[in-house]
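Below is one structure, written out as structure tokens; the observations come after it.
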There are 2 protein chains.
Amino acid sequence: MDECVELIADCRLRAATDLFLHRWDPVLLAALAEGPRRRVDLRTAVGGISDKVLTESLRRLLGNGLVDRTRHGGAPPRVDYALTALGTSLVEGPLRELGRWTLAHADELLDAQARSSRTP
Amino acid sequence: MDECVELIADCRLRAATDLFLHRWDPVLLAALAEGPRRRVDLRTAVGGISDKVLTESLRRLLGNGLVDRTRHGGAPPRVDYALTALGTSLVEGPLRELGRWTLAHADELLDAQARSSRTP
DNA sequence: CCGTATCCCTTAAGATACTG
DNA sequence: CAGTATCTTAAGGGATACGG
């Protein structure tokens with residue numbers, strides 16, 4: 001895996017892995033994979049995220065150019081969030097691959113975790 | 001991306017993304033992609049990680065069954081860390097894909113970040 | 001060389017209440 | 001509905017210094 005070594009050296013790998021450093025960001029990205037969603041729908045789709053953290057996470061995704069925000073004026077206000085091209089490429093590539101890996105290896109992973117918590 | 005929606009629902013996606021939740025873990029995994037390494041070599045290969053955090057990260061990778069530890073007795077002590085089969089599958093799959101994505105999209109990502117930091 | 005033990009600082013994240 | 005404002009707690013991470 002030669003590319004990764006380069007990536008470590010110049011920290012570009014960290015630039016990418018940092019996108020997954022916040023608990024809810026990847027989940028929000030996955031939730032947006034189906035298409036644009038209103039803020040409140042995102043909130044319930046994801047489940048268990050607070051208003052504050054939701055806003056922070058969305059702002060971060062905005063700032064990283066992974067998500068777009070559209071205000072449809074009026075009352076009550078309506079705001080849609082959608083993946084950008086960059087966001088889509090991240091979701092359809094690495095995140096999807098991670099989803100596949102999870103399906104294939106969740107058992108082993110949970111096994112290992114259980115084993116290690118029995119023998120601390 | 002239907003699978004991901006399931007994954008969100010039952011939290012399995014989070015079980016996987018949590019593996020990338022700690023700053024150094026993916027970098028250590030990448031550094032181990034070439035083969036087993038001694039602790040000190042890992043430390044310098046990665047660069048900028050403290051002893052304490054290195055130990056914590058390695059313990060976590062151990063606990064998740066991604067890495068194996070081998071003590072070769074003697075003085076000075078020598079300890080090798082290596083990817084397990086599970087760890088290898090994670091590196092060769094999702095992490096590698098993330099590395100590829102980074103190479104392809106680092107410019108766009110850094111652009112977006114720069115743009116958003118100019119307009120906070 | 002391989003860790004452990006402290007201490008400190010920053011930040012993530014949860015809960016809750018409130019405004020436009 | 002969308003988002004802000006506070007406050008609190010917990011945890012991650014960095015910097016030493018020390019011991020086996």
Side-chain angles (χ1 to χ4, degrees), chain A residues 8 11 13-15 17-29 31-32 36-64 67-82 113 116-117 119-120, chain B residues 8 11 13-15 17-29 31-32 36-64 67-82 113 116-117 119-120:
Chain A
I8 293 170
C11 289
L13 182 60
R14 278 201 35 191
T17 57
D18 283 357
L19 297 176
F20 295 82
L21 248 171
H22 298 91
R23 182 158 263 112
W24 295 103
D25 294 18
V27 184
L28 288 170
L29 289 173
L32 286 170
R37 291 215 185 191
R38 310 183 56 177
R39 188 192 134 105
V40 65
D41 295 333
L42 218 38
R43 188 164 168 13
T44 66
V46 147
I49 189 174
S50 75
D51 264 330
K52 181 197 153 222
V53 174
L54 176 59
T55 298
E56 286 172 353
S57 304
L58 287 170
R59 292 281 181 274
R60 188 166 41 238
L61 295 173
L62 263 287
N64 285 328
V67 163
D68 252 347
R69 202 182 92 110
T70 316
R71 279 199 62 101
H72 306 76
R78 177 192 175 115
V79 177
D80 278 5
Y81 290 92
Q113 291 170 350
S116 82
S117 61
T119 9
Chain B
I8 293 170
C11 289
L13 182 60
R14 277 200 39 189
T17 57
D18 282 357
L19 297 176
F20 295 83
L21 213 72
H22 297 90
R23 181 158 262 114
W24 295 103
D25 293 18
V27 184
L28 287 170
L29 289 173
L32 287 171
R37 289 214 187 193
R38 309 182 57 177
R39 188 193 135 105
V40 66
D41 296 333
L42 218 38
R43 187 162 169 15
T44 66
V46 147
I49 189 174
S50 74
D51 264 329
K52 179 196 154 222
V53 175
L54 177 59
T55 298
E56 286 172 352
S57 304
L58 287 171
R59 292 282 180 274
R60 188 166 41 239
L61 295 172
L62 263 286
N64 285 328
V67 163
D68 250 349
R69 202 181 93 109
T70 315
R71 280 199 62 100
H72 307 75
R78 177 193 176 115
V79 178
D80 278 5
Y81 290 92
Q113 291 170 350
S116 81
S117 60
T119 10

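The figures here come from the full heavy-atom set of this structure, side chains too, leaving out hydrogens, waters and symmetry mates. In what follows, chains are A, B, ... by sequence order, proteins preceding strands, each numbered from 1.
- Here the closest non-hydrogen pair linking A/Arg38 and A/Pro77 is NH2-O, 3.7 Å.
- B/Leu21 has its CG atom 13 Å from the C1' atom of D/dG13, to the nearest Å.
- No contact: A/Arg71 has no heavy atom under 4.0 Å from any strand.
- Contact annotation: the side chain of B/Asp25 never approaches that of B/Asn64 to less than 4.5 Å [non-hydrogen atoms, C-beta and beyond].
- Taking a pair as Watson-Crick or G-U wobble with both distances under 3.5 Å, the runs of three or more consecutive pairs in DNA chain D are C:3-20 with D:1-18.
- Residues A/Val27 and A/Ile49 fail the side-chain proximity criterion, which asks for heavy atoms closer than 4.5 Å.
- Along DNA chain C, read 5' to 3', the first and last nucleotides having any atom under 4.0 Å from a heavy atom of chain B are C/dC1 to C/dT6.
- Within the 4.5 Å cutoff, the side chain of B/Thr17 has no heavy atoms near those of the A/Arg23 side chain.
- For the segment residues 51-64 of chain B, residues with any heavy atom less than 4.0 angstrom from an atom of DNA chain D are, sorted by number, B/Lys52, B/Val53.
- In this structure, B/Glu56 pairs ionically with B/Lys52, as a charged nitrogen and a carboxylate oxygen lie closer than 4.0 Å.
- Rounded to whole angstrom, the span from the CD1 atom of B/Ile49 across to the P atom of D/dG12 amounts to 13 Å.
- Within the 4.5 Å cutoff, side-chain heavy atoms of B/Val46 are placed close to those of B/Leu28.
- For the pair A/Arg39 and B/Pro77, both in contact range of DNA chain D, the more 5′-proximal nearest nucleotide belongs to A/Arg39.
- With sequence neighbours left out, B/Arg69 forms a side-chain contact (heavy atoms from CB on, under 4.5 Å) with B/Arg59, B/Leu62, B/Arg71, B/Val79, B/Tyr81.
- When all heavy atoms of A/Gly47 and A/Trp24 are compared, the closest pair comes out as O-CH2, 3.5 Å.
- B/Arg78 meets the salt bridge (Lys or Arg N to Asp or Glu O under 4.0 Å) test with B/Asp80; sequence neighbours excluded.
- The CG atom of B/Asp25 sits 12 Å away from the C1' atom of D/dG13 (whole-angstrom rounding).
- Judged as a salt bridge (Lys or Arg N to Asp or Glu O under 4.0 Å), and not counting sequence neighbours, the contacts of A/Asp51 are A/Arg39, A/Arg43.
- With rounding to the nearest 0.5 Å, the separation of OG in B/Ser116 from CG in A/Leu61 is 11.5 Å.
- Distance B/Leu28 CG to D/dG12 P: 15 Å, rounded to the nearest Å.
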